[in-house]
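This report concerns only the one structure given below.
Residue numbers start at 1 and run along the sequence shown. Everything quoted here is computed from the prediction, not taken from an experiment.
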Amino acid sequence: MQVPKASDAAKARFASVVPDDPRVVVKPMFGNLGAFVNGNMFAGLFGDRIGVRVLDESARAELAAVDGAGPFGPDERPMGGYVSVPVAWDDEPDRIAEQVARAFEEVAALPPKAPKARKPPKTRS
C-alpha cells in the first residue's frame, strides 16, 4: 500500500483549519498529520486530502454526497467514519474549517481514549 506524502501547501492548509484549542494535539501519522482531542482523531491529512470524522451517519452521507468528497485514507482500506472534504473546497478554507470544527465538537464529546497498554520489552537470554 502506497501512502502519499502531504505537500507543504497541504500541511499549511490543514494547520490553518484546525481549531485553536488547547485540547487539540496535531501529530504525525504515517508521514501525514492527524488532529486529536482527548486521544481521539477528528481530522487528518492523507496526501493532500483533508478528512474529517463524522459520527452522525446521515451527516456523513450528506458530506460524502458532495461532488469531490470521498473516502479518506488509502483506496485499499479507507478509514471508517471519515470523509475527505471536496477538493474544490481547497480554495475555500472557511468551508473546510467549518467541517473540521464540527468534527472537533462531536469527537470532543466522546470519552477520552484509553492509552494502549505497552508490552514489556523483550529480553535476551
Nearest heavy-atom contact between M29 and F36 is SD-CZ, 3.5 Å
For the residue pair S84 and I50, establish whether any side-chain heavy-atom pair is separated by less than 4.5 Å. no
Does any part of the side chain of R53, heavy atoms only, come nearer than 4.5 Å to the side chain of L55, both counted from C-beta? yes
Sub-3.5 Å donor-acceptor pair from the side chain of R49 to the main-chain atoms of V85, do we have one? yes
Mind checking what makes side-chain hydrogen bond (donor to acceptor under 3.5 Å, both in side chains) contact with N40, not counting sequence neighbours? none
Take a 6.0 Å sphere around CD of E92 and say whether it holds more than 12 heavy atoms from other residues, nucleotides or ligands. yes
Under 4.5 Å between side-chain heavy atoms, counting indirect links through other Ile/Leu/Val/Met/Phe/Trp/Tyr residues: same cluster for V52 and I96 or not? yes
N/O donor to acceptor pairs below 3.5 angstrom from side-chain atoms of residues 66-73, sequence neighbours left out:
none

Partners of K11 by side-chain contact (heavy atoms from CB on, under 4.5 Å), sequence neighbours excluded? A6, D8, L33, L45
Report the residues that fulfil side-chain hydrogen bond (donor to acceptor under 3.5 Å, both in side chains) with S7, sequence neighbours left out, ordered by chain and then residue number. D48
Could you go through residues 107-115 and list every donor-acceptor pair under 3.5 Å that involves a side-chain atom there, pairing it with any protein atom two or more places apart or in another chain?
none

For residues V17 and V26: do they belong to one hydrophobic cluster (side chain heavy atoms under 4.5 Å, members Ile, Leu, Val, Met, Phe, Trp, Tyr)? yes
Sorted by chain and residue number, the salt bridge (charged side-chain N to carboxylate O under 4.0 Å, His left out) partners of R13 (sequence neighbours excluded) come out as D90
Pair listing, ring pair (Phe, Tyr, Trp, His ring centres under 6.0 Å) test, anchored in residues 44-68, at least two apart: none
Side chain to side chain donor-acceptor pair (under 3.5 Å) contacts in which one or both residues fall within residues 15-24, not counting sequence neighbours: D21-R23
Applying side-chain contact (heavy atoms from CB on, under 4.5 Å), name anything that partners A59, two or more places apart in sequence or on another chain. V54, D56, R102
Filter on ring pair (Phe, Tyr, Trp, His ring centres under 6.0 Å), then keep only pairs touching residues 2-21, sequence neighbours left out; what's left? none
May I have all residue pairs that pass ring pair (Phe, Tyr, Trp, His ring centres under 6.0 Å) and include part of residues 88-115, sequence neighbours excluded? F42-F104
For the hydrophobic clusters of this structure (ILVMFWY residues joined by side-chain heavy atoms under 4.5 Å, transitively), does one cluster hold both Y82 and V18? no
Partner residues of N38 under the side-chain hydrogen bond (donor to acceptor under 3.5 Å, both in side chains) criterion, sequence neighbours left out: none
